[in-house]
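Atom set for the values below is all heavy atoms of this structure, side chains included, hydrogens, waters and symmetry mates excluded. Proteins get letters first, then strands, A, B, ... in listed order; numbering begins at 1 in each. As the structure is a computational prediction, the values presented were derived from the model and not from experiment.
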Amino acid sequence: MSKLPASIKIGHHVVIENEVVIGENVVIGDHTVIMNGTQLGDNVEIGANCVLGIQPGGNNRMRKTQNGAHKLIIGSGTKIGHLVSIYSGTVLSDKAFVGDHASIRENVSIGRETVVGRAAIVELNTTIGDNCTIQTLAYITGDTVLEDRVFIGPCVSMSNDKYMGAKEYTLKGPHIKEDAKIGNNASLLPGVTVGEKTIVGAGAVVTKDTGDQKVVAGVPARRIRSYY
Amino acid sequence: MSKLPASIKIGHHVVIENEVVIGENVVIGDHTVIMNGTQLGDNVEIGANCVLGIQPGGNNRMRKTQNGAHKLIIGSGTKIGHLVSIYSGTVLSDKAFVGDHASIRENVSIGRETVVGRAAIVELNTTIGDNCTIQTLAYITGDTVLEDRVFIGPCVSMSNDKYMGAKEYTLKGPHIKEDAKIGNNASLLPGVTVGEKTIVGAGAVVTKDTGDQKVVAGVPARRIRSYY
Amino acid sequence: MSKLPASIKIGHHVVIENEVVIGENVVIGDHTVIMNGTQLGDNVEIGANCVLGIQPGGNNRMRKTQNGAHKLIIGSGTKIGHLVSIYSGTVLSDKAFVGDHASIRENVSIGRETVVGRAAIVELNTTIGDNCTIQTLAYITGDTVLEDRVFIGPCVSMSNDKYMGAKEYTLKGPHIKEDAKIGNNASLLPGVTVGEKTIVGAGAVVTKDTGDQKVVAGVPARRIRSYY
């Protein structure tokens, strides 16, 4: 067991493994599991039935990840919902928020005050800036970059494998620049860049780079004068 | 602890907080958490590893909700699956069904015998009628109205924020009238009305009101003579 | 309680019901529930907060399933993530992988070394071959066939009810032949056949059979010379 500060408020049937470091005034909900080496900053709040600090795994058809850090680090004031899973080797900055049923993989970095919505998923090796909003059920694929203040609408989908497992290919997700906004249920293809302040319409399929300050929509997405 | 009737069938490691009211012949699965003030009618069945009666939260970039009711009320004969989260201030009518991994936010009303599918999500301030079917992984955004007997296909997506956080805007989700049917993976934009008995094709993007008894499909959705 | 082999590595607050058969060197995470009659092969690994071996249910508006087998069988060397739900009457072959937050219904067969991704959902009466990859948040509807080595991209959606509950109709999901690949967020309509080695583009809506070795894209999906 790890050392627990007197200020902790801890639920029933919580499991805290070894070498876990816990700040002041932390709240942990019932039935949550905090795995080896996890670090929780001051005032972190975690809901019930979560699993945090998971070591990466997979079967023999899945890629292996390097995970030197072997730690999940959650910054001060960050709140985690219920039924959430987060892997080791990932860092959440201060005052972030992770909704219920969300899942965040290993080697991910999440910026300050960023919101990862309910049932949203962030895959491995992805970097997300400050003050981003990732809405409910959005899918952030692996090897992706979201700069600061990016808005990802609900159910947005991304991919990072151009050949869908058919050829050797360096996996590369989208790169979404500052202040870009992606409408609900849009699809982004591997390696596309969405420019600064660009708006992607709901249901669009982005197959190539958009340029900055553009509005694009449709299947495949084309530039339009005015989306609204 | 709350008073438990003798007829309850309760799993292992269940947590029942204070002021919980439980009817006759209720079943609660292992590791489920029933939070303060929740009311369960007669013959309610709840699966394992659920979290019910959650108080709304969020970080400082998320809107605050009024939650005067401070209670989750689940009607008689309603069944809740496993790994489900439901917030306080929400009412589920009698004989409804909520699938595994689903999540329902605060200030939501769900009608009689309505089915909320597996991993479907219903956001806050939404009203859903009687005998609706919301299929797997569908996303019902906040501030939305579904009238009676609406059918929402799998993976349907909605949004309620026309400017995606860029401007002040009164959030408004779709209004879906009686007996309308939405095909799988369709996208509905903020504030659109889908008319009575209207059918929206799979993968359509609905950008404006459809009228009653229409069949619409495509991106953006246009009226078609016959969808099938 | 069931008999546990000495080689089992079992977490805290695990619930193992009756007539569960457990092989050698099995690992079961904290707070997981293994329901009646489940059979786990040698070297099976199961994460935390899972619910395995669930008996089918539903309310009076949902179809009833035959479930003669009444057992969940998990083959040797298969790994199950965290927060997963799997029903009884389903068989997972050896060395398969099921990601966190995934859900698999009753009467499903999953082939050897197949990967069911994070938060992916497989509905009832579905057959999935060997060496398939079903990516994150993909939705495999009921009454569906995936042959060997099929690739389903993230957020792919399917349906099996042509009339969306409006008429009597024998539910039929897609049939996806060997080595076919479906791009992210594509939608497949009820009963369509995707041919061998056929590629479906991201965001496509497949409304009719594709033929073998084709490349199709768009809404509705049409054959194109070259997708890449």
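- Counting heavy atoms from C-beta outward, B:I224 and B:V216 have side chains that stay 4.5 Å or more apart.
- Contact check on C:K177 versus C:E147 returns no salt bridge, with no Lys/Arg side-chain nitrogen under 4.0 Å from an Asp/Glu carboxylate oxygen.
- Neither the backbone nor the side chain of C:A48 comes within contact range of chain B, judged by heavy atoms closer than 4.5 Å.
- Heavy atoms closer than 4.5 Å to chain B are found in the backbone of C:T32, but not in its side chain.
- In this structure, the portion of B:T114 lying under 4.5 Å from any heavy atom of chain C is its backbone and not its side chain.
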Could you walk me through whether C:K172 and C:D143 pass the salt bridge (charged side-chain N to carboxylate O under 4.0 Å, His left out) check? CA-CA 5 Å; C:K172 190 172 178 205; C:D143 312 283; over 6 Å; no
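- Looking at C:V206, neither its backbone nor its side chain comes within 4.5 Å of chain B, counting heavy atoms on both sides.
- Among the candidates C:V219, C:L137, C:I121, the residue making the largest number of heavy-atom pairs closer than 4.5 Å to chain B is C:I121.
- Taking the charged nitrogens against the carboxylate oxygens, B:E178 and B:R149 do have a contact shorter than 4.0 Å, which makes a salt bridge.
- Heavy-atom distances place the side chain of B:N49, and not its backbone, under 4.5 Å from chain C.
- Contact count versus chain B (heavy atoms, under 4.5 Å) is highest, among C:S103, C:C50, C:S157, for C:S157.
- Looking at B:A204, there are no atoms closer than 4.5 Å to chain C (heavy atoms on both sides), in backbone or side chain.
- Inter-residue side-chain proximity for C:N36 and C:E17 is flagged as met; some heavy-atom pair is nearer than 4.5 Å.
- Your options are B:K79, B:K95, B:H101, and the one with the most heavy-atom pairs under 4.5 Å with chain C is B:H101.
- One finds a salt bridge joining B:D100 and B:R118 here, because a Lys/Arg side-chain nitrogen approaches an Asp/Glu carboxylate oxygen to under 4.0 Å.
- B:D179 does not touch chain C: none of its heavy atoms, backbone or side chain, sits under 4.5 Å away.
- Using a 4.5 Å cut-off on side-chain heavy atoms (C-beta onward), B:H31 and C:H13 make contact.
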